[in-house]
Amino acid sequence: MKISIIGAGYVGLVSAICFAKMDNEVTLIDIDKDKIHTIGKGISPIHEEGLDELLGQVPLKVSTDYLDTMSSEVIFICVGTPSDDRGIILEPIKKALERLAGILKTRQDYCVVVVKSTVAPGTTDETVIPILEKSGKKAGKDFGVCMSPEFLSEGKAINDFMYPMRVIIGEYDKRSGAVVNRLFQNFNAPTMRTSLKTAEMIKLASNAFLATKISFINEVGNICKRLGVDTHEVAKGMGFDDRIGPKFLNAGLGFGGSCLPKDLRMIITKAKALGYLPDILEGVLKVNDGQAMQLLNLLKKHIRPKDAVIGLLGLAFKPDTDDVRDSRAIGIVESLLQEGATIRAYDPLAAKNFSLLFPQIEYVSREEVLDSDAILIVTEWEEFRHLDYTGKIVIDGRGIIKAREARIYEGIYW
Ligand code: UGA
């Protein structure tokens, strides 16, 4: 099929490359000239396992011009939805839709616009369709509309795309859904066709549930720590029950990244706007926000941060990525700086991105971090499982067993 993807961020780029690999004719569009130029040269602007190789293999057209959507049967909207204190910022997606409406105006043939960006329930009906209809064309008659959320996990996004656990197609009408269904028919995954708003809610509820599992096990961890019990063992014992399952019960510093915290805030804001106070979800966020302090309290049992050199192992929000968005390292560094500590940090991939947020700390080798007065383990990179921690003071937020050989060792929940 002929597809256009608008937005060459994480989701857009991965989707474009994977759809192209599946023999679709794909055009990737972004107004960011530098980004498009880089991708056009076969270089991925983001770090993602397998992406560079595929980028060199598959035929992918890139463009900064929305006119290049003209002959596409399906147009995906993968524009970022950043958020600030007041909630999600819809301006980038609105601008993209307005540009697209300008193109729809002149199109004579039917195409389907698919929202893939994560948006609050109701957004496709209340915001996306009215903007597209500014073209003078009618949804359901002149063009189709779907909302098909993505379920890609950073670090294994290509695998998640190629072998999805489910495909959700929210459809304005049957005709729109049928076109998108055809695109996904070779994926061999359970496919659910539903309303636009239901699809939006499935995405948010899925991420809210994953976040809940993490904060739940961290709350259990707070009790285990006081009991002198290892939370990982408790989680293992719980996970044998297939109603509970072992996944996402890894207790530690909590969740970060561009999705779980933001999507959780989005669902809470939406619930409140509808007049409902989501106690559980508020609690999930509250537990997560307290994680950095849990780790620092353990540190302070052994060393006064003021004038001490504190070494951080890991800055990325999780291993195998250079992404530091909402990383738990951020709150830790902020608090340590306030307390007057000197901070040295090491991360195999994310140091550059983190230095844009905190230019005032030192970015050093892992050996130099090990030389600090005390070491905090913030991200569970595989290489941290093989370091020599003997003689050190280590406060572990991520369950690195080898670090237990340290002179003084404290695990956040074990
Ligand atoms: C998450 C979801 O897992 C994807 O399904 C979803 O598509 C994606 O958000 C999205 O909405 O785009 P991602 O943000 O890449 O994917 O990362 P996760 O693997 O979910 O990890 C999120 C955070 O939770 C990390 O900081 C990780 O360290 C933490 N985590 C995860 C735990 O603390 N414990 C666990 O057991 C699992």
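Nothing fancy with the numbering, it's 1 onward along the sequence. Counting starts at 1 for both ligands and their atoms, in listed order.
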| Structural part of M165 in contact with ligand 1, heavy atom criterion under 4.0 angstrom | neither
| query | Is the closest heavy-atom distance from K213 to ligand 1 below 4.0 Å? | reply | no
| query | Does some non-hydrogen atom of G252 fall short of 4.0 Å from ligand 1? | reply | no
Distance from [atom] to nearest protein heavy atom, with residue and atom:
atom	value
atom 15 (O) of ligand 1	E154 N, 2.7 Å
atom 35 (C) of ligand 1	N250 CB, 3.6 Å
atom 1 (C) of ligand 1	L260 CD1, 3.6 Å
atom 13 (P) of ligand 1	K318 NZ, 3.8 Å
atom 8 (C) of ligand 1	L152 O, 3.2 Å
atom 11 (O) of ligand 1	K203 NZ, 2.5 Å
atom 10 (C) of ligand 1	C259 SG, 2.9 Å
atom 12 (O) of ligand 1	E150 OE2, 2.7 Å

| query | For D279, what residues pass the side-chain contact (heavy atoms from CB on, under 4.5 Å) criterion, not counting sequence neighbours? | reply | L277
| said: Among T118, T124, T194, T123, which residue satisfies the side chain to side chain donor-acceptor pair (under 3.5 Å) criterion with E200? | reply: T124
| request: Before accepting this row, confirm whether a basic side-chain N of the pair R344/E368 lies closer than 4.0 Å to the acidic partner's carboxylate O. | output: no
| message | What I want to find out is whether D173 reaches R175 closely enough, with some N-O distance under 4.0 Å, to be called a salt bridge. | response | no
| task | Evaluate the ring planes of F19 and F187, with Trp represented by its six-membered ring, and classify them as parallel (under 30°), tilted (30 to 60°) or perpendicular (over 60°). | result | perpendicular
| Counting only heavy atoms not in I401, do more than 12 fall under 6.0 Å of its CD1? | no
Using distance only, find each side-chain donor-acceptor pair of residues 255-264 under 3.5 Å and give its atom names and separation, not counting sequence neighbours.
unit_1, atom_1, unit_2, atom_2, d
K262, NZ, T81, O, 2.7
K262, NZ, T81, OG1, 3.1
D263, OD2, N207, ND2, 2.7

| said: Do T390 and D388 pair up side chain to side chain, a donor and an acceptor below 3.5 Å, judged on atom types alone? | reply: yes
| task | Could you say whether the N/O atoms of E380 and ligand 1 ever approach to under 3.5 Å? | result | no
| message | With respect to S258, determine whether any N or O atom, backbone or side chain, lies less than 3.5 Å from an N or O atom of ligand 1. | response | no
| Matching residue for I377 among L253, D396, I395, V369 - test: side chain to side chain contact (heavy atoms under 4.5 Å, CB included) | D396
| message | I want to confirm something. Looking only at heavy atoms, which of F255, F317, F248 is nearest to atom 20 (O) of ligand 1? | response | F248
